[in-house]
Structures are given as structure tokens and as C-alpha cells.
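In the text below, chain A, chain B and the rest are named by the order of the sequence lines, each starting its count at 1. Predicted, not measured: the structure shown is a model, and the values here were computed from it.
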Amino acid sequence: MKTNVLAPETLNDWFDEAGRDLPWRRPETTGWGVLVSEIMLQQTPVVRVLPIWSEWLARWPKPSDLAAATAAEVLRAWGKLGYPRRALRLHAAAAAIANKHGDVVPSDVDTLLALPGIGAYTARAVAAFAYGLRAPVVDTNVRRVVARAVHGSAEAGPPSTTRDLADVDALLPQDDAEAARYSAALMELGALICTARTPRCVDCPVLADCAWQRAGRPAYAGPARQAQRFAGTDRQVRGLLLDVLRAAPGPVERARLDLVWRQDAQRDRCLDSLLVDGLMEQTEDGLFALPGEA
DNA sequence: CAGCCGTGGGG
DNA sequence: TCCCCAAGGCT
């Protein structure tokens, strides 16, 4: 049996000492609080999530509270966190939890996976962090830590959910509570020490055993990832359009939206896609509004 | 499975 | 300045 470079005792001890005191990690945080944090944290830095998460939990302490809000209220409260479809999916998930699960966030991974906006990562993160269960929690941090410490590669290869889950499952201790803490520790190590750009290896608790370190820190050899452009994309235009509605007290005229982007065809396409996605609605007199306030 | 879906800060 | 990236999910 191979020894685990990322030994649970080592990681958990380090986490006890160096882990951040984030509000959604506090013992009094409910499953709902954890779920909200996980959705907000998807592709979004912690510092930007912190204030919004606090507002949401104070305003909507239970899933049924969020479910009772209008989509317009939800989207305004989401603000500029980005990827606003996450807010709509969380809104829908809250309704499902309120109606079908007794207003309690499920702890079962498969049940969680059936909810909108909850995928392989988030389902297991909720099971582990909200309910202390043993579940392989694989995010970009964990993938990077495992790639380096275990496989000796500078970066993680292309993601494969099946393989990644099995990879991390093999590292997890058997005990539920210990495994859950270990999952948090693994993520935290990637977030604070084993970072993407310039890892702080001098502070790493597993430096001596790290396979990447032992191999002489070889450069990444895998396929180059495609750079994600933003300027000029539909994503940018949609963001500009939606921002007009978020900032407005109510429905706005088409002319207001026309101001945010010069190219008619692209603007029209984006406007249409926002309507299709349910991120905005058109009133009977042709004005545009956030959904639920028309 | 590759491409798409926001936003802003740091190197 | 520009580019990269930050607790992914969905089609």
C-alpha cells in the first residue's frame, strides 16, 4: 500500500493552525448557509462573496425565505458577483428544498445532484462541509494539489470527473468527520499555499514529500489550455445589459439598453438570450425588466 | 466534451 | 496594458 503524501494528520493539523475563519465554516452555520456559500464561490473569489453571503443569510435565513422572493429581488441581491444564472438556479433550488425536502438542505449526494446548479463539486462539498460526511470534494484547488504533490506535475491535466473523484477518494480517511475536515484542508492548501501562479512552497506542510518538488519542479507538459477571452464577447454584453436593469428601479425602455453596446446584431442576440435564460422579461408595453417585476 | 456563461483584482 | 485566474455547472 502506497503511503499518502498528503497525510490526513499532517493536513488536518496544518488546517487547524492555518485555515481561515470563514463565516460559512463556523459550527452554527446551517446547511443552507453552506449551500449558499458554495454556489456563490463557484468561479468567484472569497473576498467578493463575503459581504453578499452575509446579506443573503440575514435576509433569507431559510430556503423557503429565498423561495418567497421574486427573481428580480434575487438578482439585485446577487449584484455583480457574476454568472447571474447561478442566482436563478439557487432560487429554484431553494424552492425545491422548501417544497420537497422540508425546508432542509439534503445531505445525500445524489439528492443534492438533482437540484439545479448543484454539480459534482457542490453536492459533495455540501455533504462534507455541512454534514461532516466522507465525500471526495474535487475543485480546481484540489486538482492542482493532487497533481503536484501526488503526481509530480506542475498543473492538473484536463478535468475528468470520474477519474478526479476516484483520485481523491483514494486519499480520504475512512472516518466521516476526519474525511470532511481533510477535504476542507486539501482545498485550503490549494487556496493559500499551493496556488496556481507562484506557490508558497516554503510554507507548505508537505514540502518534503511533494512529488513535484522531488522531481525538481518540472514545467507543465500537458496540452495548453485555451485562453478565455472576455472583451467583446456576448458575456460582456449580457453583463452590461443586465447591469442596466439591476441599477434601474423598474422597467426600462429599449433605448436605454441600446446605449450600452454599439453593434446592433450582437446586442439583439444578447438581449434575446437573456430573455431565454429568464434573466429578464419584457412587459406588455414593450419595456424590459428583471423577471418578476414586470 | 468543448464551449459558453460575469466580474474584478493582481502580477 | 494585458493576461490570468477565482470553492463550476450546463448543454
Side-chain angles (χ1 to χ4, degrees), chain A residues 15 19-20 22-25 33-53 75 78-90 92-93 112-130 135-145 155-165 168 180 183-192 194-200 220 223-246 260-261 266 269-270 273-274 276-279:
Chain A
F15 184 60
R20 293 165 291 180
L22 301 171
W24 43 84
R25 284 179 178 164
V34 172
L35 174 57
V36 171
S37 78
E38 292 301 340
I39 301 292
M40 287 183 172
L41 286 163
Q42 290 169 3
Q43 302 289 284
T44 308
V46 167
V47 286
R48 214 174 304 165
V49 167
L50 283 167
I52 309 294
W53 182 85
L75 287 171
W78 191 259
K80 307 195 80 172
L81 269 189
Y83 293 139
R85 293 190 296 184
R86 288 184 294 166
L88 293 186
R89 292 181 185 136
L90 182 52
L112 286 161
L113 284 170
L115 295 170
I118 298 186
Y121 163 76
T122 303
R124 290 169 180 82
V126 169
F129 304 149
V137 178
V138 185
D139 73 332
T140 182
N141 290 305
V142 172
R143 280 169 32 74
R144 187 174 55 248
V145 169
E155 298 177 30
S160 156
T161 302
T162 309
R163 178 163 43 75
D164 294 340
L165 286 176
V168 173
S183 294
L186 216 45
M187 286 181 59
E188 193 76 336
L189 186 66
L192 299 183
C194 197
T195 54
R197 281 159 296 190
T198 52
R200 308 170 55 175
Y220 179 61
R225 288 163 307 188
Q226 215 65 359
Q228 279 255 38
R229 300 285 174 195
F230 178 68
T233 62
D234 286 6
R235 216 146 86 251
Q236 180 185 21
V237 178
R238 285 164 53 105
L240 292 171
L241 290 168
L242 199 56
D243 197 38
V244 172
L245 296 192
R246 272 195 305 259
V260 304
W261 199 253
Q266 186 179 21
R269 180 176 67 243
C270 290
S273 73
L274 286 167
V276 169
D277 288 348
L279 285 165

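Taking only distance into account, the side chain of A/R235 never meets the base of B/dT7 through a donor-acceptor pair shorter than 3.5 Å. Side-chain to base pairing of A/T122 with C/dG9: no donor and acceptor N or O lie closer than 3.5 Å to each other.
Each of A/R229 and A/G119 has a nearest nucleotide on DNA chain C; the 5'-most of these lies closest to A/R229. Each of A/P116 and A/G190 was matched to the nucleotide of DNA chain C holding its nearest heavy atom; the match closer to the 5' end belongs to A/G190.
Here C/dG9 is the nucleotide among C/dA7, C/dG9, C/dC5 with the atom lying nearest to any side-chain atom of A/R85. Considering only the side chain of A/L41, C/dA7 comes nearest among C/dA7, C/dC10, B/dC5. Counting only heavy atoms from C-beta on, A/R86 has its side chain closest to B/dG6 among B/dG6, C/dG8, C/dA6. Comparing atom distances between the A/R89 side chain and each of B/dC5, C/dC10, C/dA6 picks out C/dC10 as nearest.
Considering only side-chain N and O atoms, A/Q43 lies under 4.0 angstrom from the phosphate OP1 or OP2 of C/dG8. Phosphate contact (OP1/OP2 of C/dG8, side-chain N/O of A/R124, threshold under 4.0 Å): absent. Here A/R238 reaches the OP1 or OP2 of B/dG6: one of its side-chain N or O atoms lies under 4.0 Å away.
Within the 4.5 Å cutoff, the side chain of A/V137 has no heavy atoms near those of the A/V142 side chain.
A donor and an acceptor atom, one from each side chain of A/R200 and A/T195, are nowhere located under 3.5 Å apart.
Within a 6.0 Å radius of CZ in A/R229, no more than 12 heavy atoms belonging to other residues, nucleotides or ligands are found.
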